[in-house]
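Below is one structure, written out as structure tokens, with a few remarks after it.
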Amino acid sequence: MKNLKNKFILAPLKLGYANGEGVVTEKHLKFYRERSRDLGAVTLEPLYLDPGLREIPKQLGIDSDDKIPGLKKLVDELHRNGAKAIAHLNHPGRMANPKIPGNYFVSATENACENGGAKPVRMDRKMMDAAVDLFVKSAQRAVKAGFDIIELQFGHGYLLAQFLSPLVNNRNDEYNGSFENRIKFPIEVLQAVKNAVEVPVIGRISGDEMVPGGLTLKEMVPFSQQLEKNGIDALHVSAGSSCSTPPWFFQHMFVPKGKTWQLAAEIKAVVSVPVIFVGQINTRDDIQILGDQYEADFIALGRAMVADPDFVSKLNDENSNIRPCLACSEGCLGNIKQGKGLGCVVNPFVNNDMPPLNKTESSQKIAVIGGGLAGMQASIVLKERGFEVTVFEKEKLGGQFNLASLPPKKESLKSIVDYFIAEINRLDITVIYKEATEEDITGGEFDQAVIATGARPVIPPVKGLKKYYWTEFLHNDQLPENETVLIIGGGLIALEVASKLIDANNQVIIIEMLDEVGRGMEMLEKAQTLKKLMQNGVQIYTSHKAVEINGEEVYIENEHKLKTKIEGIDKIIVAAGMKSYIPFHTEPRITTYYVGDASSVGKAENA
């Protein structure tokens, strides 16, 4: 660990770029090549030890010798950039993906994860020996492939943590009960790997699983000391469990930044080996705090390096703008769950196979109508390519995404708007604050146009619907208190507004035509938002639609045409979807392109 060129390490990020056979692809090479230039070391995504232990279908494997050539090719790429290569070895135990054919499930318990998953087999000694063998053989293959360091996963609710956890481990033998018993098997794995290879070994742990009855710092401090006693070379301190507390595991924007740093500091105080700090580290200020306040030995960067591969090199260049990770999990985790592979809401070049942006030889003038995310991104790319760009924005740069940071715990989303504005200023892009007219664009000043005018709310044909609101209540100065509010629609915007209304002690009723609310939402945000709504007594009617409004009475109807009357409604919100807004057409007079919601209504990543 001491011979890394700097203290920055790429954290293990699931990519989902393999071909289903677990081998390295060109996408892996490109992704890691772009992110290894400025790092001391790169940790590859978790490598499966057995085809029946995959977490995602297109995960990289290290289960057989035929994986070695591809892994060696990837390791060589990292070495050419001066970065050391770390092989992250993880046995998921009961957290193997139940949707992948051929997967099997073993654990320190016969109980499935309470939040979903397959029922595991409680491991006998033979199964435990087989698991140890998987770790050993995988570590040996990693060394053959040229990896410089091994990282063993002792945390995040995976197999070794399942043995450690007093909440999960319900065995009736020498591996359960006391702390000393529960750490035996994880220590056996460490000792076996240390005996099998001569490269440094990092232990990744959850400093706290953030679940009642689970692992806490009280036991992780002595466990860290035991790992050091048994030869661990460094400790990588995270938090959470993939089973019980996924938002902590994924460091979602809904969990507080800095808690994992505090946990790492507590571990650092009682061990002499280096400690790696991790968790929502995505700004210059974060790096400053980790250096000055925590004296971090090493810093692991995950999604910050997805959002901006040049994050580390920009740290020392105050004139550069870091493209921020929003900690939203939408493009990374969300796309992996959909089988698309890791992407990024704020970085359109991740996993999109886009051609290089070549400089143009043209001096054409391009008008961009709309200064939302799509319009700003388009204007920046066009300017960097050499075009003369003018943006027309009738109100405020950021468009409707300025609303995105207003719901509870979503403040981090504002940073992408700030980034785009900073880039527009850096590139000296002209912004005209007015509502563009057809004559402004087609009067001869511009050669091409980009329509980025976004979308507007869909208003359903409800009898008696006269006065209604949309997102006004996201603003604190317009937020009602102690009222009964009915929301027509149950998508992302509806749930965000509902969450805000709850905080002001309002009673909320949601009417959704579909058979579920929050369809298409990122899974962590949806789960946490719905949990909050349920805990606060929000009434949700699915497979219903509003059909008539009469004063304080709202009549709703289900799929069988059965009506229900809801009384005492003070205010009505309509959040029933969006439709593209195109104020005028400029073609065929000039070449015109449509981007973002003006092209097709979608999420921020689509913009």
Side-chain angles (χ1 to χ4, degrees), residues 9 11-14 43 45-46 55 86 88-96 107-109 113-115 117 135 151-169 179 182-183 185-187 189-190 201-228 232 234-252 254-271 273-281 294 296 298-300 302-303 327 329 333 524:
I9 297 171
L13 296 161
K14 296 183 180 74
T43 313
E45 75 169 339
E55 294 181 73
I86 302 175
H88 180 92
L89 307 183
N90 176 35
H91 191 309
R94 67 176 184 168
M95 297 308 296
S107 183
T109 179
C113 167
E114 66 273 16
N115 287 325
F135 276 107
E151 181 171 79
L152 299 178
Q153 175 64 279
F154 292 97
H156 288 158
Y158 292 117
L159 179 65
L160 301 185
Q162 291 159 28
F163 272 83
L164 287 169
S165 171
L167 185 65
V168 177
N169 187 338
F179 167 76
R182 286 182 279 112
I183 70 171
F185 183 59
I187 295 297
V189 171
L190 171 61
V201 177
I202 300 170
R204 196 172 205 212
I205 64 172
S206 291
D208 194 313
E209 290 187 320
M210 302 297 174
V211 58
L215 292 168
T216 66
L217 193 62
K218 182 179 179 180
E219 288 195 327
M220 296 316 292
V221 164
F223 178 61
S224 299
Q225 293 172 320
Q226 286 298 316
L227 290 175
E228 180 179 16
I232 208 74
L235 290 163
H236 186 174
V237 182
S238 183
S241 160
S242 57
C243 166
S244 306
T245 50
W248 282 99
F249 169 32
F250 291 108
Q251 285 296 290
H252 190 265
F254 280 14
V255 304
K257 175 186 285 196
K259 181 61 177 179
T260 52
W261 313 347
Q262 296 169 13
L263 295 170
E266 294 282 352
I267 300 294
K268 178 177 167 61
V270 299
V271 298
V273 296
V275 173
I276 303 167
F277 287 64
V278 72
Q280 291 191 61
I281 303 169
Y294 290 101
F298 292 96
I299 296 173
R303 290 167 298 170
S329 297
L333 176 63
L524 296 180

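- Taking every heavy atom of both residues into account, Ile232 and Ile202 meet most closely at CD1-C, 3.7 Å.
- Shortest non-hydrogen contact noted between Pro246 and Leu524 is CB-CD2, 3.5 Å.
- Counting all heavy atoms, side chain and backbone alike, Leu167 lies closest to Gly213 at CB-O, 3.3 Å.
- Counting all heavy atoms, side chain and backbone alike, Ile205 lies closest to Leu227 at CG2-CD1, 4.0 Å.
- You'll find the side chain of Leu160 reaches within 4.5 Å of the side chain of Phe135, heavy atoms only.
- When Lys257, Lys259, Arg303 are each tested for a side chain to side chain contact (heavy atoms under 4.5 Å, CB included) with Gln251, only one passes: Arg303.
- Residues forming a ring-ring contact (aromatic ring centres under 6.0 Å, His included) with Phe250 (at least two apart in sequence, or on another chain): none.
- Sorted by first then second residue, the salt bridge (charged side-chain N to carboxylate O under 4.0 Å, His left out) pairs that include residues 201-211, not counting sequence neighbours, number zero.
- Remark: the backbone N or O of Val201 is not paired with any side-chain donor or acceptor of Glu151 at under 3.5 angstrom.
- With hydrogens and angles ignored, the 3.5 Å screen pairs a side-chain donor or acceptor of Gln280 with a backbone N or O of Val255.
- Considering only residues two or more places apart in sequence or on other chains, Asn90 meets the side chain to side chain donor-acceptor pair (under 3.5 Å) condition with Glu55.
- Here the straight-line distance linking atom CZ of Phe223 with atom OG of Ser206 works out to 10.5 Å at 0.5 Å rounding.
- For Pro186 against Phe163, the heavy-atom pair with the smallest separation is CD-CB, 4.2 Å.
- In this structure a side-chain-to-backbone donor-acceptor pair under 3.5 Å is present from Thr260 to Val278.
- Distance CZ/Phe154 to CG/Leu159: 11.0 Å, rounded to 0.5 Å.
- Between the CD1 atom in Ile183 and the CD atom in Glu219 there is a gap of 9.5 Å [rounded to 0.5 Å].
- Rounded to the nearest 0.5 angstrom, Gln225 CD and Ile267 CD1 are separated by 8.0 Å.
- Residues Ser238 and Phe249 have side chains not in contact (no heavy-atom distance under 4.5 Å, counting atoms from C-beta outward).
- From Leu215, atom CG reaches atom CE of Met220 across 5.5 Å, with rounding to the nearest 0.5 Å.
- Heavy atoms only, all atoms of each residue included: Arg182 and Pro166 are closest at NH1-CD, 3.5 Å.
- The shortest side-chain heavy-atom distance between Pro274 and Leu235 does not fall under the 4.5 Å cut-off.
- Looking at His252, its side chain does come within 3.5 Å of a backbone N or O of Phe254 through a donor-acceptor pair.
- Considering SG of Cys113 and CE of Met95, their distance stands at 4.5 Å, rounded to 0.5 Å.
- Using cut-offs of 30° and 60° on the angle between ring planes, the pair Phe277 and Tyr294 is tilted.
- Taking 4.5 Å as the limit, every side-chain heavy atom of His156 sits out of range of all side-chain heavy atoms of Pro46.
- Thr245 places no side-chain N or O within 3.5 Å of a backbone atom of Trp248 that could act as its donor or acceptor partner.
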